[in-house]
Amino acid sequence: MGSNSHHSSPEDRGSTAAFPVLPDYRGPCLSNVVPALLGPADASDWLPAPIQQAKAVVLFLVDGMGWEQLQDRSELTPVLSAMEGGPITTVAPTTTTTALTSLVTGSAPGEHGLIGYQVYVQGQVLNALRWTAGPKGSDARRSIVPEQVQSRPAFFGRRVPAVGRSEFQGTGFTRAHLDGVDHKGYKLTSSIAVEVQTLVEGGAPLVYAYYDGPDRIAHEYGFGPYLDAEYAEVDRIVAQILAVLPPEAALLVVSDHGQVMVGDAKIELAHDVLALSSAISGEARFRWLHARPGRAGGLLEAAAERYGRYGLVVGVDQVLDEGWFGPYVSPEARSRMGDVALVPNDPVAFTEPKPPPRNPTGGENKPGFQLVARHGSLTSAEMLVPCLAGFGTRT
């Protein structure tokens, strides 16, 4: 993985590669990890060597642990730094719902159709992570059935157990991307290695485990001591898993996306752009604008004039032609896309204007939860994720 001689501050540097970084859907990409693990030997030649030699594999996804952020904290992650491998691309957009679905189904977003955090489905915008819809954010599991929105089976229908937080079991998003999977819930992170050990000793050739600490911490606290502490915690969890795996088993660590610091750099969508839009979906760093009938050209022109300085403002045809969502896009996935995509290179967030909340007491409204670090766009900081492996160390 390489090491840094000092702790450089991610806040002080931008993304290191050209923009945009597009997913490598035909090569080392998050959507190809499971096909490589479950397919013929020559399908996995780009995976780290321990995976190609192992008799059992634990696939551990750490949410929000981008390659560049990991590189910046190599002195805090000695176990991860000693593992074999390097960066691969994730999918577009760089968001949890899309990337996790691509990982477990082994398919690009254009195939599985869960194309963002907020997805335009059945004439309304679905929050795919919470599986809520409507102005009040109501539970949409009955009106928008998860297994119908995304019907591709996890792990190609094989019986691969999944270790994840207990509270995620039965949620709409879990049903949409892990339907039929044998869930092993944990309440505390100290249980992850225990669950993994039990499953591997029970004969499971592949075990999937999920942890979301870095994503949660970066969203709330940004880059700083809290995130540093969380990366050290991830390294401890990885060490625990390696310690319970026999030498013939291997651990493969990947992530769904990286992060960028945004803070207060929020750009509220302008009224002239909103006037041409019938709906807004996606997320703050990959915003879909759905045009009113006959207004797609005018919407693209207005959005480009206002927001082109921040990165990419592109029509949906360009997104499709350049294969951002994969070489094939199903009619269902296409119907969920907007007409114009706002995809910033700068560390900014495109937000929708919200009416001021009413406070019946007459006092000041307290500000709500603010996202400090964000993701969704196609910068290298968001697109590049680790693909690192090591053998078990249990004696």
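For Q118 and R287, the side-chain atoms include at least one donor-acceptor pair closer than 3.5 Å. Neither side chain, T90 nor D256, offers a donor N or O lying under 3.5 Å from an acceptor on the other. Inspection of the N345 and Y310 side chains reveals no N or O donor paired with an N or O acceptor under 3.5 Å.
Just one residue in the list I241, V58, V244 forms a side chain to side chain contact (heavy atoms under 4.5 Å, CB included) with V200, and that residue is V58.
If you chain together hydrophobic residues whose side chains sit under 4.5 Å apart, V254 and V385 fall into the same group. No continuous path of ILVMFWY side-chain contacts below 4.5 Å connects L342 to F325, so the two sit in separate hydrophobic clusters. V313 and F286 sit in two unconnected hydrophobic clusters of ILVMFWY residues. Membership requires side-chain heavy atoms under 4.5 Å apart, directly or through other members. Each of I115 and I280 belongs to its own hydrophobic cluster when Ile, Leu, Val, Met, Phe, Trp and Tyr are linked at side-chain heavy-atom distances under 4.5 angstrom. In the hydrophobic clustering of this structure, V262 does not group with F19; members are Ile, Leu, Val, Met, Phe, Trp, Tyr whose side-chain heavy atoms approach within less than 4.5 Å, directly or through other members.
With E111 contributing its side chain and A108 its backbone, the two residues share a donor-acceptor pair below 3.5 Å. The closest donor-acceptor contact from the side chain of S277 to the backbone of L289 lies at 3.5 Å or more, if one exists at all. At least one donor-acceptor pair closer than 3.5 Å links the side chain of T98 to the backbone N or O of L114. A distance-only check finds a donor-acceptor pair linking the side chain of Q150 to the backbone of R152 [under 3.5 Å]. For the pair Y221 (side chain) and A373 (backbone), a donor-acceptor distance under 3.5 Å is absent. In this structure, the side chain of R285 engages the main chain of V348 through a donor-acceptor pair within 3.5 Å. Side chain of E382 to main chain of V260: no donor-acceptor pair is present (N/O by atom type, distance under 3.5 Å, no hydrogens or angles). With hydrogens and angles disregarded, a donor-acceptor distance shorter than 3.5 Å links the side chain of S166 to the backbone of Y186. Side chain of T95 to main chain of G116: no donor-acceptor pair is present (N/O by atom type, distance under 3.5 Å, no hydrogens or angles). Put simply, the side chain of R130 never gets that close to the backbone of G172: no donor and acceptor are under 3.5 Å apart.
When all heavy atoms are compared, the tightest approach of V316 to G338 is CB-O, 3.4 Å. When all heavy atoms of K266 and Q370 are compared, the pair lying nearest together is NZ-OE1, 2.5 Å. Closest non-hydrogen pair, G110 versus A333, comes out as O-CB, 3.4 Å. Scanning all heavy atoms of the two residues, the minimum distance from V340 to A296 falls at CG2-O, 4.4 Å. Nearest heavy atom pair, residue A270 against residue R306, reads CB-NE, 3.3 Å. Across all their heavy atoms, A140 and L126 have their closest contact at CB-CD1, 4.1 Å.
At least one side-chain heavy atom of D63 sits under 4.5 Å from a side-chain heavy atom of H257. Considering only heavy atoms from C-beta on, L227 stays 4.5 Å or farther from Q259 through its side chain. Using a 4.5 Å heavy-atom cutoff, the side chains of L312 and P20 are in contact. No side-chain heavy atom of L276 sits under 4.5 Å from any side-chain heavy atom of R292. L274 places a side-chain heavy atom less than 4.5 Å from the side chain of P353. Q197 places none of its side-chain heavy atoms less than 4.5 Å from the side chain of Q240. Considering only heavy atoms from C-beta on, P214 comes within 4.5 Å of V62 through its side chain. Looking at heavy atoms from C-beta onward, Y25 lies out of side-chain contact with T89 at the 4.5 angstrom threshold.
In this structure, M383 CE and L30 CG are separated by 9.5 Å, a value rounded to the nearest 0.5 Å. The distance from the OG1 atom of T189 to the CZ atom of R165 is 7.5 Å, given to the nearest 0.5 Å. Here the CZ-OG1 distance, from F156 to T105, works out to 7.0 Å after rounding to the nearest 0.5 Å. Here the straight-line distance linking atom CZ of R336 with atom CD of Q122 works out to 8.5 Å at 0.5 Å rounding. To the nearest 0.5 Å, atom CH2 of residue W288 and atom OH of residue Y120 are 14.0 Å apart. From Y210, atom OH reaches atom OG1 of T96 across 5.5 Å, with rounding to the nearest 0.5 Å.
The 12-atom threshold is not exceeded at CG of D264, counting heavy atoms of other residues, nucleotides or ligands nearer than 6.0 Å. The number of heavy-atom neighbours closer than 6.0 Å to CZ of R236, taken from other residues, nucleotides and ligands shown, is above 12. No more than 12 heavy atoms of other residues, nucleotides or ligands lie within 6.0 Å of CD in E305, so this atom counts as exposed by the packing criterion. No more than 12 heavy atoms of other residues, nucleotides or ligands sit less than 6.0 Å from atom CZ of R26. Residue E301 places its CD atom among 12 or fewer non-hydrogen atoms of other residues, nucleotides or ligands, all under 6.0 Å distant.
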List the steps, then state whether side-chain contact (heavy atoms from CB on, under 4.5 Å) holds for L47 with L37.
CA-CA 9 Å; L47 290 176; L37 291 174; 3.9 Å; yes
Step-by-step side-chain contact (heavy atoms from CB on, under 4.5 Å) determination, R158 to L206:
CA-CA 10 Å; R158 309 224 188 149; L206 178 61; over 6 Å; no
Verdict with supporting geometry, H112 and S102, side chain to side chain donor-acceptor pair (under 3.5 Å):
CA-CA 7 Å; H112 63 66; S102 283; 2.9 Å; yes
Given L245 and V196, is the side-chain contact (heavy atoms from CB on, under 4.5 Å) satisfied, shown in steps?
CA-CA 8 Å; L245 293 181; V196 165; 4.1 Å; yes
Would V149 and V119 count as a side-chain contact (heavy atoms from CB on, under 4.5 Å) here? Give the steps.
CA-CA 10 Å; V149 172; V119 186; 5.8 Å; no
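For R73 and D235, the salt-bridge test fails: no basic side-chain N is under 4.0 Å from an acidic carboxylate O.
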